[in-house]
Amino acid sequence: MFEVPITLTNKKFAQRRKLKYQYINHLSRRFDRITKKINTTDSLPTPENSAAENNDEDYEDDEEERNYESDVGESSVRQQTKRRRERHWKSVIGELYSSTETESDSQEEDVQEGDQVEHETRPKEEDTDEERKFWKKYEKPEKSFEVWQTVSSQNRSPINKQIITYHNFKKIEKNSLRKMEIPLLHCTKENKLYFQLLAKGLEPLQSPTSAARNYQTRHIITLTNLLHLNVSRHNWPLAYKIFATLIRIPNVRIKSIWGIGVKILDNSPNSSSSLDFLKWMCQVYSSKSRFVQNVNYRSVVPPFQTGSRTHTSKFAITYLWSSLINCQKAIESSNVTDNQYEVENSRLEELIDKISEWVLIPPFMEDAEVYFIYASCHLLKADILSRQFVNDNRNSDLVGLNKDININQVIKHIHYVKVFLQTCLEKGGFTIPSRLIENQLKSFESRLYGEAHDIREREMVDDYGNTDNSSADNSFGDVYETNAEFLDTQLMDLPPIENEMAENHYSDEDSSE
Amino acid sequence: MSTFIRGPICGTDNCPSRLWRIIDGRRTCQYGHVMEGDVEFNDDEDDLNGLGAGVITRRLNLTTNATGSFQSSQLTNSQLLQQQQRQSHKKFKKLIGHEAKLLFLKSFQFILKRQIRWLVTEMRFPKEFEHVAKIIWLKILKTINDQPQEELKLQLHMTSTISILYLASTHLSLPVYTCDYIKWICTAKMPYFQASEILPKSWRIQLPNYYVSILEGSISPFNGQLYNKIALTCGMIHFKEFFNSEISCQGLLLKLVMQCALPPEFYFYTKQVIEFEETDIRNLTLWERTDERHTGRVSNHAELRVLSYFMLTINWMLSFDRDRQYPLKWILSLTESLTQRTTTSESIGRNIVKVVYPDKPTSSDYFQWSEEETLEFLKWMEKQFLPTQIKSLHNENGSMEMTIDQKIARRKLYKIFPLDREANHDGEFNDSTHQLTFIEDLQERYAKQTPFFESNKIRDSLNYQEANPPARKEAIGRLLTHIASQLLVDFAISKEQLKDCISRIKNACLHRMN
């Protein structure tokens with residue numbers, strides 16, 4: 001019923017996946033070819049182009065490549081033809097041929113693809129690659145998903161003008177299905193049916209685990225279902241017990257159920273905090289491999305469960321978000337004079353240190369969301385520091401050199417916020433409410449110089465035109481206590497609104513604020 | 001000169017230093033001791049083309065792992081390969097051919113011995129049980145030995161252990177049936193699943209994977225597999241010639257009647273039916289199957305015959321009663337009491353058996369479990385199931401090798417999720433709600449029935465005509481389905497098999513009556 005946190009390695013499933021990816025790859029190759037053809041008709045006919053058109057079937061990949069590089073210099077084209085000839089010879093002579101040239105990377109890839117063209121003669125070499133080849137096309141796992149633009153006007157993008165006719169579509173499909181006939185001959189009846197279902201776009205009702213009979217597997221299935229059941233009933237103590245039992249069974253992959261674990265820990269009192277658990281996840285599963293290579297993860301879409309060199313794991317991001325939120329909550333509740341306050345403040349410092357280390361290494365380095373969190377940390381810090389001024393104005397305790405130092409600190413943090421937001425924007429793929437944040441930063445700055453300064457700024461903002469009426473009015477109001485609170489809630493509200501990639505758990509946390 | 005990095009204690013000449021730095025590519029401690037055997041390879045292909053464009057710098061990420069020793073974050077490929085090779089060398093001790101078969105027989109015997117020991121100590125089986133089982137095992141070994149060496153077929157499976165035990169208990173006329181064995185193995189009391197874990201380590205390393213997987217007993221028996229295996233084992237050693245093959249039918253009947261909380265008369269009714277058909281109750285003997293290919297009719301198996309007689313008797317008695325002695329209300333309440341969820345050890349055991357039963361329809365009824373039932377199930381998981389699972393994690397040279405790092409990580413995880421977090425709380429909980437024993441539960445169920453019979457006697461003469469035939473028929477049908485669904489799981493047979501068996505017995509009975 002629910003996704004079971006084990007890997008089912010089975011001849012049956014392996015075969016299914018192989019068929020599936022074989023079919024998908026073939027389809028997409030055909031499709032590419034047709035769309036490319038449409039494209040290239042625009043360019044002037046060159047002898048090379050016409051030669052490519054005259055090529056027979058076996059050189060489809062080559063042709064593709066040629067079209068890619070048709071605008072590169074002529075020398076490369078000549079190289080291409082040379083290579084093609086070589087490969088042709090290779091296919092004629094077979095294994096006896098060995099290239100004496102030192103092969104560059106791209107050429108190696110070519111050879112691989114060449115192999116795959118001759119897949120009827122050498123099926124083994126090619127079959128192992130099908131799935132890997134599919135994933136190789138995408139840098140990040142989420143890129144492999146079909147994107148459906150929803151109604152929101154911001155995300156509207158121009159319609160993809162490249163269309164194919166129904167006739168062409170049928171042709172592609174027919175061709176690919178014909179290609180699949182041979183591998184289907186050697187399949188079990190069940191797998192054949194399964195493939196035909198998938199090819200027609202249907203989804204088989206039976207999940208791979210529903211038919212599992214193994215003693216251990218049955219127990220794992222039972223526990224998983226009970227876990228989901230009790231979480232949905234909000235029976236946390238029981239859910240905790242089930243989870244604790246479940247993770248003690250060997251072979252259970254914690255990577256696919258950590259989200260539930262976090263939720264359970266959040267909801268059960270007097271237990272270790274979910275932050276510890278997330279930290280543990282980050283420590284243990286800090287994978288640095290590129291996700292394409294992880295083909296030995298068998299069942300569900302594997303790349304989402306771990307991180308890789310190209311994409312950040314979800315638990316790492318959740319860890320950052322929830323520790324940020326934790327800091328914010330704790331600071332909000334404690335007074336400035338408290339001992340507790342110091343502890344929380346140092347914790348925020350620690351978090352900032354940690355992120356600053358993280359952004360030096362690959363997956364986080366390129367992740368816009370991590371930079372956004374980084375900026376948010378500094379925003380929080382700036383808020384805390386600038387609030388000191390508001391409180392201390394009444395005590396008039398903060399004067400002279402001390403005051404200058406503090407002002408400098410606040411300005412430093414504001415500067416960091418700007419810098420990291422900029423990097424976040426540069427990395428792309430993550431929309432942020434930059435205007436809102438700018439307004440907030442301004443309000444922080446205004447705190448430093450007292451009220452008189454404020455009024456002028458407010459007028460200035462009004463001159464800009466009321467872009468964000470409510471926030472402008474509120475943040476420059478005269479009651480600072482409510483003002484501060486408002487700012488923080490603003491901070492908290494940022495992620496769910498803007499965060500496209502956010503997963504449910506932290507948007508849940510945020511909405512509960 | 002690089003900066004110092006924290007690492008493990010140096011330890012050379014009691015050197016207390018924990019700080020290390022790299023001098024000439026070697027890790028050197030604060031006081032100048034060079035770490036031994038710490039050599040880093042750089043055998044990544046150097047990109048010569050890149051050198052022209054600019055200088056490539058490479059940063060070494062030095063991190064400490066869970067034990068505090070250095071772990072070069074990028075174990076180079078060759079180093080990994082070496083490690084793997086070393087491991088594979090170590091592993092390559094598997095026996096093959098005849099030797100492997102011998103070792104398998106030894107392992108099989110070892111597991112059998114453990115099972116017998118458990119039965120004798122925990123279930124208080126008589127001492128003679130061990131001897132009888134031994135004799136049967138010897139007979140099996142003899143038949144294996146008689147086969148020609150070249151095409152030696154062992155034909156042993158984990159169900160064979162159960163059939164040997166069953167045969168031994170039948171010979172001694174112990175009131176133990178297949179349902180008991182199935183319950184014991186499914187609740188992980190008797191060693192059966194993951195039995196390969198209890199083997200001595202050296203044996204398990206040497207045993208080929210194929211045999212190891214047999215000894216894991218992955219799927220619990222279903223669709224009458226166990227009966228087939230018993231019959232086959234019988235045929236293999238010609239059980240009837242040497243042993244007492246008559247099953248203790250009375251005990252089974254009593255068990256069935258009590259399980260359904262039927263009035264005691266039904267015991268005698270069923271007995272009469274059996275005696276009518278089989279001429280003597282002693283004629284119910286085990287079937288010897290000699291044909292290896294075909295499983296034969298299910299009605300050949302003595303226990304299944306008893307089940308069918310039992311079901312038939314209930315059906316006939318209630319159908320022809322016409323509300324005289326067994327009123328409709330009683331039938332309804334009986335059905336209800338059968339479906340009622342209780343937390344006796346019996347019903348918990350049945351829950352577990354149901355969960356692991358490989359045929360789907362029965363196995364998803366945990367959606368209806370009450371909280372207590374779930375708690376009991378989890379308690380069982382913790383006490384019985386997990387120990388059998390965790391064993392494989394603890395031994396180091398097992399098939400699943402864990403590095404010390406992984407172990408530490410696992411321990412940390414367990415610390416985050418301690419199992420006995422609510423141990424105290426649970427204790428109180430248990431004291432307040434006393435768990436019903438089987439006998440208490442049975443008494444309660446019988447006590448619930450008495451009002452129907454008493455009131456019935458008074459009413460009997462008055463509203464005898466009130467009987468409502470269609471409703472009654474339906475109620476009987478529902479009762480029978482409930483009983484049948486329980487029996488199916490308990491005796492690990494499929495619905496079709498039971499149906500087939502009942503219809504055959506029914507025809508035979510009707511035939512004899514005419």
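The analysis underlying the following values was restricted to heavy atoms, covering all of them including side chains, and did not include hydrogens, waters or symmetry mates.
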Quick check: do [X] and [Y] have side-chain heavy atoms less than 4.5 Å from each other?
X      : Y      : answer
B:L378 : A:L226 : no
B:M381 : A:R248 : no
A:T245 : B:F377 : no

*With sequence neighbours excluded, what pairs up with B:E216 under the side-chain contact (heavy atoms from CB on, under 4.5 Å) test?*
B:Q194, B:S196, B:V212
*For A:T423, which residues count as a side-chain contact (heavy atoms from CB on, under 4.5 Å) partner, sequence neighbours excluded?*
A:Y371, A:F420, A:E426
*Counting only heavy atoms closer than 4.5 Å, note whether A:L229 contacts chain B via side chain, backbone, both or neither.*
side chain
*Interatomic distance, B:T374 atom OG1 to A:I242 atom CD1 [nearest 0.5 angstrom]*: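 Spacing of OG1 (B:T374) from CD1 (A:I242) equals 6.5 Å.
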*Give a yes or no on whether the backbone of B:C186 and the side-chain of A:Y215 come within a donor-acceptor separation of less than 3.5 Å.*
yes
